Amino acid sequence: MTAAVPIENFTDSQKEAIFHKDGPLLVLAGPGSGKTRVITSRIAALIEAGVRPWNICAITFTNKAAEEMRIRVEQSTPAQGVYVSTFHSLCVWILRRYAEQAQLQPNFSILDVKDQQRCMKEAIADCQIDVTNFTPARMLDYISRLKNDLESAEQFEARADDFFSRSAAKAYSRYQQILTKNNALDFDDLLLRTAFLLRDCEDVRLQLSDRFRYLLVDEYQDTNHAQYQIAKGIALAHRNICVTGDPDQSIYRWRGADIENILAFEKDWPEAKVVKLEENFRSTPNILEKADQLIAANTKRKAKSLIATRPKGNEVIIDICEDENKEAHWVAERAEQLIDEGVNPNEIAVFYRVNSMSRTIEEAFVQRQLPYQVVRGVEFYARKEIRDLLAYLKVMVNPQDDIAFIRAVGTHTRGIGKTSLDRLSHFAKIQGLSLLDAGLRAEEIETINRPTRKRLVDFSKMLQALSEETTGDVAPLIEQVFAETGMEQALKVEEDATENISELISAAAEYDQRAEEPNLMDYLQMIALYSDSDAYDAESQRISLMTMHAAKGLEFDHAFIIGLEEGILPHERSLNEAGDDLEEERRLFFVGITRARKTLHVTYARHRVVRGQFIRSTPSQFLYEIGFEGEQDSFDTGWDRIDRYESSAPKPKKKLKIDSKPGQLYQVNQLVEHKKFGLGRVKEYLDLGEDSIVVVKFNTGNTKSLMVKYAKLTVVDG
């Protein structure tokens, strides 16, 4: 054995995983168990054992994780050619390579979320479906689940047997027609079309199986049905599939992930070897003890322990705060103390269940002048000026992308109005042309006035000329497009927008340095598959604020998890659903806990304003599962509990009957109706002046504490 894989640096279980060569392998890798190091060392060991690098394919879930794995592979072996990718990037590679067999054009666009919504809105309108009940967001979510389950529009339409499903089937079918016309795929299509290609084209499947004779899939617990079928299809001929993951960290059920894929691995591959990585090299025993206590309450898991390798550290602290503002200031104060003690801000993180919870934390950090970054990377690419500039680039790569063409035309005033674009679209439809090709022939459209026809021709010729320069470095091309399209001139007085474009150009320059053969199509693909976790900057010298979903795969010396309240974590949706949702919420908290290396603080607020409603909170049941002993109450009521402890909040002056509106009294036992919660009876009123609260027990069984000024209750009886 050469020094490339130093045996003495691994535990016995890690060695088992690294040096297993042929046949299926399931690696159950607990948090902090050195999983990525094991995968990259396994790749090096395979190469040492005679496997050619280009016959190895390693798949993970985020661009950042894939990039980290590439770097580690390069460090662990001098051999070049290992294919390291995300699932979606692999699918793009396959679909471009086998475009003809997949009945695609290889320069297809990948639609972002906003463009998907635009296409679905058009589909709903074309089908004359009521947009009130069938919103674009709802339809896209529904169709996404169908695609992840590998159900095509035709298959779904054949089984649709009620009003909702028949309407959804029409929208699904029309949506796909619009995508086809634009030579475009959405994120789910990348998986669906690849899975169908492997299923229907045996020669393609065997070619891919021969190319990737050793398949390694990371985070296998997060695969959906389509990803499961893709991995199985590639590995079926040689059966050299190694999957790593942890059922206890499966947190993406809401987007189609199926925990059964990892739980049933041995049924799919009966000869599979199973290795458990239980030693934790990240967290102190104090933190791991809480994580173990918590996750033991789940039933859908494979039994394993978290074995600490670090010395005992600080106890996990559960902090009770009066409200979300005091919670935020407490976190800010403690973070400031850590920085004053010499802790690098990079090593501090605040986790929360939903993005909206960052607001009070940000305000507290601003007041104390603490450096921070909110890890919500996709928002940068959702900014108007960024999407405007990207629209030009998309048309340059895919001239059939009418969605991008329309956006590019409208980036700034050109004297081309909506009426002219509608007439151009009509001409394009009759002639069977893309909008770009129709624009080149705009002089033929007599319903458009002559000056506008010339502008359309000039605009289309400009795009056509730019389209000839899509290979090579991307950053200078973006600068050229920004200047020649008139965007730079149009945005010269908008300083923030111009700075954002500069940031985009800088990011493209970094891509140019990393890419072996930089080109615009590859760059647009990278942006299209960008995720929140990809935005995390480990060298920012700033405290990180992020959801626990975004925190997956990261680790910090000091972590704060805020909002441990029923209805927040676990989320309110899980409280009324089957146990699967509650178990996933518990796994999410488990992921948050196990991000911390040295210290962990968990908070809950006794009061919180949620969607304008003043809520008296119930501590999360998860707190008691990790040993919390104070202020226990029933977990059945979610946010509805009325606390019986002394509060530092303003004391109610007295209970009384009040006017919500002139002449309208709220009285105890009065029947009232709320737009969202339905009918209920008034139980109590707390006079807090402008912030007065009315307590209502609704017929659902839930009791809500509502701010009067936001409640908008209607009295049903006197």
Side-chain angles (χ1 to χ4, degrees), residues 1-49 51 53 55-62 64-79 82-87 212-223 231 235 240-250 261-262 265-266 269 272-283 288 302 304-310 552-555 591 594-595 597:
M1 186 61 59
T2 67
V5 187
I7 300 176
E8 66 275 8
N9 292 343
F10 297 102
T11 66
D12 290 342
S13 56
Q14 287 177 329
K15 291 175 192 174
E16 279 191 83
I18 291 169
F19 297 111
H20 172 86
K21 185 171 184 282
D22 294 321
L25 172 66
L26 169 61
V27 181
L28 292 172
S33 60
K35 172 170 61 74
T36 303
R37 183 165 170 257
V38 167
I39 295 171
T40 53
S41 297
R42 174 171 167 75
I43 291 171
L46 286 171
I47 293 171
E48 287 179 18
V51 177
N55 288 144
I56 301 172
C57 176
I59 306 173
T60 189
F61 268 77
T62 67
K64 185 174 286 292
E67 183 63 23
E68 179 186 353
M69 193 176 291
R70 282 190 203 99
I71 293 171
R72 292 200 187 189
V73 168
E74 289 173 2
Q75 293 171 344
S76 62
T77 175
V82 177
Y83 191 90
V84 183
S85 172
T86 64
F87 258 111
F212 300 129
R213 297 181 185 179
Y214 288 84
L215 182 66
L216 296 84
V217 184
D218 192 16
E219 305 290 2
Y220 194 65
Q221 76 280 348
D222 291 329
T223 53
N240 294 323
I241 179 172
C242 167
V243 304
T244 58
D246 180 7
D248 292 338
Q249 297 185 72
S250 179
N261 292 346
I262 191 168
F265 184 81
E266 295 120 297
W269 310 91
K273 181 180 182 64
V274 179
V275 176
K276 294 182 180 181
L277 304 183
E278 297 178 300
E279 294 89 348
N280 181 290
F281 304 97
R282 176 189 299 156
S283 307
L288 296 180
K302 286 182 176 285
K304 68 178 185 318
S305 301
L306 299 178
I307 302 171
T309 60
R310 299 187 60 178
K552 180 81 178 293
L554 303 177
E555 55 187 71
V591 166
T594 55
R595 299 310 94 195
R597 294 192 194 102

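Just so it is clear, the model here is predicted, and its values are computed rather than measured.
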Could you check if a side-chain atom of [X] sits within less than 4.5 angstrom of a side-chain atom of [Y], using non-hydrogen atoms only?
X: Arg42; Y: Leu216; value: yes
X: Ile241; Y: Phe265; value: yes
X: Leu25; Y: Trp269; value: no
X: Arg72; Y: Ser41; value: no
X: Tyr220; Y: Leu26; value: no
X: Thr244; Y: Ile39; value: yes
X: Arg282; Y: Arg310; value: no

Between [X] and [Y], is there a donor-acceptor pair closer than 3.5 Å when you use the side chain of the first and the backbone of the second?
X: Ser305; Y: Ile307; value: no
X: Thr60; Y: Thr86; value: no
X: Ser250; Y: Pro247; value: no

What is the distance from atom [atom1] of [X] to atom [atom2] of [Y], rounded to the nearest 0.5 Å?
X: Glu74; Y: Thr40; atom1: CD; atom2: OG1; result: 11.5 Å
X: Leu554; Y: Thr62; atom1: CG; atom2: OG1; result: 8.5 Å
X: Cys57; Y: Tyr214; atom1: SG; atom2: OH; result: 14.5 Å
X: Leu28; Y: Lys302; atom1: CG; atom2: NZ; result: 6.0 Å
X: Leu306; Y: Leu277; atom1: CG; atom2: CG; result: 12.0 Å

Can you confirm if the NZ or CZ of Arg37 lies within 45° of the ring axis of Phe10 and under 6.0 Å from the centre of its six-membered ring?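 Positive - Arg37 is close enough to the ring of Phe10 and near enough to its axis.
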Salt bridge (charged side-chain N to carboxylate O under 4.0 Å, His left out) between Lys64 and Glu68, intermediate numbers included: CA-CA 6 Å; Lys64 185 174 286 292; Glu68 179 186 353; over 6 Å; no
Given Met69 and Asp218, is the side-chain contact (heavy atoms from CB on, under 4.5 Å) satisfied, shown in steps? CA-CA 10 Å; Met69 193 176 291; Asp218 192 16; 4.2 Å; yes
Looking at [Y] and [X], is any side-chain nitrogen of the basic one under 4.0 Å from a carboxylate oxygen of the acidic one?
X: Asp246; Y: Lys35; value: no
X: Lys304; Y: Glu278; value: no
X: Glu67; Y: Arg70; value: yes

Evaluate the criterion side-chain contact (heavy atoms from CB on, under 4.5 Å) for residue pair Gln249 and Glu219; output intermediate values, then yes/no. CA-CA 9 Å; Gln249 297 185 72; Glu219 305 290 2; 5.6 Å; no
Derivation of the side-chain contact (heavy atoms from CB on, under 4.5 Å) call for Ile43 and Ser76: CA-CA 9 Å; Ile43 291 171; Ser76 62; 5.9 Å; no
Ignoring hydrogens, what is the shortest heavy-atom contact between [X] and [Y]? Give both atom names and the distance.
X: Ala17; Y: Val27; result: CB-CG2, 3.9 Å
X: Asn240; Y: Gly23; result: OD1-N, 2.8 Å
X: Ala231; Y: Leu215; result: O-CD2, 3.5 Å

Apply side-chain contact (heavy atoms from CB on, under 4.5 Å) to residues Ile59 and Ser85 and explain how you reach the verdict. CA-CA 5 Å; Ile59 306 173; Ser85 172; 5.6 Å; no
Any side-chain donor near an acceptor of the partner, Gln14 and Glu16, under 3.5 Å: no
Assign the ring pair Phe212 / Tyr83 to parallel, tilted or perpendicular, where the plane angle (0 to 90°) is split at 30° and 60°.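 Rings of Phe212 and Tyr83: tilted, 30 to 60°.
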